[in-house]
Protein chains: 4
Amino acid sequence: MDFDNSKPIYLQIVDFFYEKILEEEWKPNERIPSVREVAMMVEVNPNTAIRAFTHLQELEVIYNKRGIGYFVAEDGLEAVLRIKRKAFLEQTLPDVFKQMNLLNISLEALEEAYKRMNDEKK
Amino acid sequence: MDFDNSKPIYLQIVDFFYEKILEEEWKPNERIPSVREVAMMVEVNPNTAIRAFTHLQELEVIYNKRGIGYFVAEDGLEAVLRIKRKAFLEQTLPDVFKQMNLLNISLEALEEAYKRMNDEKK
Amino acid sequence: MDFDNSKPIYLQIVDFFYEKILEEEWKPNERIPSVREVAMMVEVNPNTAIRAFTHLQELEVIYNKRGIGYFVAEDGLEAVLRIKRKAFLEQTLPDVFKQMNLLNISLEALEEAYKRMNDEKK
Amino acid sequence: MDFDNSKPIYLQIVDFFYEKILEEEWKPNERIPSVREVAMMVEVNPNTAIRAFTHLQELEVIYNKRGIGYFVAEDGLEAVLRIKRKAFLEQTLPDVFKQMNLLNISLEALEEAYKRMNDEKK
DNA sequence: GTGGTCTAGACCACC
DNA sequence: GTGGTCTAGACCACA
């Protein structure tokens, strides 16, 4: 995993977890890799990995069974959707629109970019 | 001015400058407020204001006349447009589109939000 | 049995045993359920159940007959009363009183809560 | 400061902060000692102190001004009262009452202990 | 000066 | 085996 300098590593691990859950690769009540496994997987110190786990536990996205490991919460998928949607609608979008106005970028140009990106993916 | 905890204050001041220039409130070769004035205006430590000025000078958006003050660069408006457009197209947009896919938000929903926001503004 | 995350599971099993003995459901010199039975009953790893048994044996609340099982000690009820009373008077109560002072909760409020709880039970 | 082995040190620091706020030694919007000062004061590693600060910030009891320090939240006192009262009423009290019933300790005995403690204090 | 992040490594409780 | 806590020390961004 390659990290971006713009954000703490532990938050990038959190994002990585979010993706796994949103893509339903990790399902509710399923055990997720252990702290040590994640630390090795993404090549960071276990302490850094723990921060990501703890953070997600506070947000009730995952929970812990003592001595066994971490699990996706029963309503973990919903929790993630709620958190990300909120952030997207209240922070990302207003900022994007504000910039579009300032930079004189039209809605049409944006649509075009969207379609082009989707085409490239194929 | 109220600051957002997610971003360094000096960068938020930089954004404030960008807006002034993009809205052509501050025109090329015009003098802009002094470091002290800005510091008082937005209620920050002068050191923090200086960082914003220095940052913009490095990007050649503003320049300095010793003993007189800071001025918007001859091609300051173009510089800002270039910088912001690049950031928007290469970083903001791809991220937005990725999130739309993950969160199952359609292009139509986005257009709607855009129009709603523009209506509210009026 | 549902466990509280704030306390080790084996100690919660110990508390469960204390209740059985205090309520005289398990009487002195009577055989108590086996490690395996307890483990199944409360759905934990047998190792965890063993810890509870060992802990109680060290406190001389229960004793073991090899090949037969565990039994409540002759003076098991007294032992439990002694242990719990001591803990209650020396640790629980002082802490409760300290909190009452800090939180401005009067003795009367506490009495009321006590009576309300007893009423609810009926 | 002397720590108790029954609880993580960082949570004992949290409790220490709670007391300061409840006793109104630290008032809303007032700056509290820096991470390093606290670390020295209670003789722990700064990292351990940071945990306490971070924990309290998540609970919105304190907030942070970048580069300046931590401050008691505007409604920090209320937040603490809410948190502690809730814990006391929902966890401590039921447990205390349950033990009183099991140990055959009467309400009168408790009142007596309360008065005795208050007398000793004088 | 402030706090924030990260690493390395140790020790422990628990399952 | 699991996670949780703590220390020591480094480096960095920010005000």
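Chain letters run A, B, ... following the sequence lines, proteins first, then strands; residues in each count from 1.
Across all strands shown, F:dG9 is found opposite E:dC6 as a Watson-Crick or G-U wobble partner, with both distances under 3.5 Å.
Nearest to the side-chain atoms of A:Y10 among the listed nucleotides F:dC6, E:dT5, F:dT2 stands E:dT5. When the nucleotides E:dC15, E:dT2, F:dC6 are ranked by their closest atom to the side chain of C:I9, E:dC15 comes out on top. In the set E:dC6, F:dA15, F:dG4, the nucleotide with an atom closest to the side chain of A:T48 is E:dC6. Picking from F:dA13, E:dC6, F:dT7 the nucleotide with the shortest atom distance to the side chain of B:R51 gives F:dA13.
To the nearest angstrom, P of F:dG4 lies 21 Å from CZ of D:F3. A straight line from NZ of C:K7 to P of E:dC14 spans 11 Å, rounded to a whole angstrom. Between the CD atom of D:E58 and the P atom of E:dG4 there is a distance of 11 Å, rounded to whole Å. At whole-Å resolution of the value, CE in D:M40 and C1' in F:dT7 are 17 Å apart. Regarding A:N5, its CG atom lies at a distance of 16 Å from the P atom of F:dC11, rounded to whole Å. Between the CD1 atom of A:I62 and the P atom of F:dT2 there is a distance of 15 Å, rounded to whole Å. We find that CG of A:N45 is positioned 16 Å from P of F:dC11, with the value rounded to whole Å. Straight-line distance from the CD1 atom of A:I13 to the C1' atom of E:dT5: 12 Å, rounded to whole Å.
The residue D:I50 sits close to a base: some heavy atom pair falls under 4.0 Å. Using a 4.0 Å heavy-atom cutoff across all strands shown, D:F53 reaches no nucleic acid atom at all. Within 4.0 Å of A:N47, counting heavy atoms only, lies at least one base atom of the nucleic acid.
The pair B:K98-A:E19 meets the salt-bridge criterion, with a side-chain N (NZ, NE, NH1 or NH2) lying under 4.0 Å from an Asp/Glu carboxylate O.
Counting distance only, with no hydrogens placed and no angle test, the side-chain atoms of D:R36 and the base atoms of E:dG3 include a donor-acceptor pair under 3.5 Å.
Proximity of a side-chain donor or acceptor of B:E37 to a complementary backbone N or O of B:S34 within less than 3.5 Å is detected. Of the possible polar contacts, one joining the A:R66 side chain to the C:K7 backbone as a donor-acceptor pair under 3.5 Å is found.
Residue A:Y70 places at least one side-chain N or O closer than 4.0 Å to OP1 or OP2 of F:dG4. A close approach under 4.0 Å does not occur between any side-chain nitrogen or oxygen of D:R66 and OP1 or OP2 of E:dG3.
Judged by closest nucleotide on DNA chain E, D:G67 is the one of D:G67 and C:P8 placed further toward the 5' end.
Remark: A:N47 CG to A:T54 OG1 distance equals 10.0 Å, nearest 0.5 Å.
Remark: C:K65 is not positioned above the aromatic ring of C:Y70, lacking an NZ or CZ atom under 6.0 angstrom from the ring centre and at most 45 degrees off the axis.
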